[in-house]
Amino acid sequence: MAFELPKLKYAYDALEPYIDARTMEIHHSKHHNGYTTKLNAAIEGTALENKSIEDILTGLDMSNMAVRNNGGGYYNHALFWEIMNPEDKGRLSGELRDAVMNAFGSFDGFKEAFSKAAATRFGSGWAWLCVHKGGAVEVCSTPNQDNTLMPDVGCGGTPILGIDVWEHAYYLHYQNRRPDYIQAFFNVINWNEAERRYALSK
Ligand code: MN3
């Protein structure tokens with residue numbers, strides 16, 4: 001079964017003014033589509049062909065750059081679209097809130113750690129909030145299309161929230177102002193989805 005580009009659950013312009021429609025359209029229909037197509041090409045006829053994307057990434061041979069880059073790109077963007085929502089954003093609550101308070105002391109403490117990880121990622125990459133088995137959360141950052149499911153990336157657990165800090169994610173609207181984009185992202189986080197993923201992965 002080939003992987004398919006996931007459909008967005010909202011319109012390209014739904015995250016305006018925080019993320020502009022043109023960026024969303026190119027990001028989804030070009031960039032994410034490209035990762036999907038190249039992932040399928042990279043696994044066709046191999047032992048990875050019938051595995052889930054999670055299994056492919058957790059068991060990844062990190063020297064397999066085609067699967068690392070495109071499998072990461074496929075998974076990361078699928079997560080990214082889901083953990084944003086223009087309307088029903090919810091708020092940090094329940095067990096995820098408890099875990100965030102334990103790790104960072106306050107919501108502002110979390111926001112500062114997450115924003116710093118995103119802002120200081122040199123070049124292209126992602127910042128994550130991830131959860132370890134047992135329920136503890138941590139913030140970390142990975143380069144390129146790596147993520148915390150992959151082996152030996154320096155931090156671990158299952159990502160439940162992530163921000164894409166590749167320039168293609170923000171440059172049209174924010175140009176070099178990555179911190180403004182990171183700040184804006186907090187307005188579109190879908191906390192209900194993050195909490196759902198936390199419960200599944202803790
Ligand atoms: Mn991207």
Side-chain angles (χ1 to χ4, degrees), residues 2-43 53-54 56-57 60 62 64-86 89 114-130 139-150 153-155 158-190 193-194 197:
F3 290 103
E4 291 182 8
L5 179 67
K7 287 193 166 56
L8 289 190
K9 293 174 178 169
Y10 42 83
Y12 286 136
D13 65 359
L15 301 174
E16 297 258 15
Y18 307 110
I19 302 181
D20 64 286
R22 183 79 176 130
T23 294
M24 285 297 294
E25 181 178 0
I26 296 170
H27 203 173
H28 178 256
S29 70
K30 306 295 186 194
H31 291 279
H32 197 186
N33 195 46
Y35 296 123
T36 306
T37 304
K38 289 175 188 165
L39 170 63
N40 287 330
I43 62 174
I53 189 62
E54 289 83 0
I56 289 173
L57 297 180
L60 185 64
M62 294 294 270
N64 185 341
M65 296 311 294
V67 175
R68 180 176 172 180
N69 288 335
N70 296 296
Y74 173 80
Y75 177 92
N76 295 345
H77 290 86
L79 174 95
F80 190 51
W81 312 136
E82 296 245 318
I83 56 86
M84 296 190 289
N85 189 319
K89 290 188 277 285
F114 186 84
S115 300
K116 185 179 176 194
T120 57
R121 164 52 54 196
F122 183 76
S124 298
W126 293 74
W128 308 105
L129 177 65
C130 28
V139 159
C140 81
S141 167
T142 52
N144 303 313
Q145 294 297 353
D146 289 356
N147 66 46
T148 60
L149 294 178
M150 296 176 183
V153 294
C155 44
T158 304
I160 57 173
L161 184 70
I163 182 170
D164 186 344
V165 294
W166 285 57
E167 284 189 344
H168 69 226
Y170 64 87
Y171 204 85
L172 287 179
H173 186 71
Y174 293 97
Q175 293 84 48
N176 62 319
R177 302 187 310 277
R178 188 193 287 186
D180 291 356
Y181 157 69
I182 296 165
Q183 179 73 27
F185 172 75
F186 280 89
N187 292 293
V188 294
I189 292 175
N190 180 355
E193 178 63 15
R197 287 170 181 263

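In each ligand, atom 1 is the first atom listed, and ligand 1 is the first ligand listed.
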Test log, rule ring pair (Phe, Tyr, Trp, His ring centres under 6.0 Å), inputs Tyr35 and Tyr74: CA-CA 5 Å; Tyr35 296 123; Tyr74 173 80; 9.5 Å; no
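Nearby protein atoms of type N, O or S around the Mn ion (ligand 1) amount to 4 (distance under 2.8 Å).
SG atoms of Cys130 and Cys140 are separated by 2.5 angstrom or more, inconsistent with a disulfide link.
Using the six-membered ring where Trp is involved, His168 and His77 have ring planes that are tilted, between 30° and 60° apart.
Exactly one of Trp166, Trp81, Tyr12 qualifies for a ring-ring contact (aromatic ring centres under 6.0 Å, His included) with His27. That residue is Trp81.
Annotation: Trp126 is in aromatic contact with Phe80 [ring centroid separation under 6.0 Å].
The side chain to side chain donor-acceptor pair (under 3.5 Å) check on Thr23 picks up Asp20, with sequence neighbours excluded.
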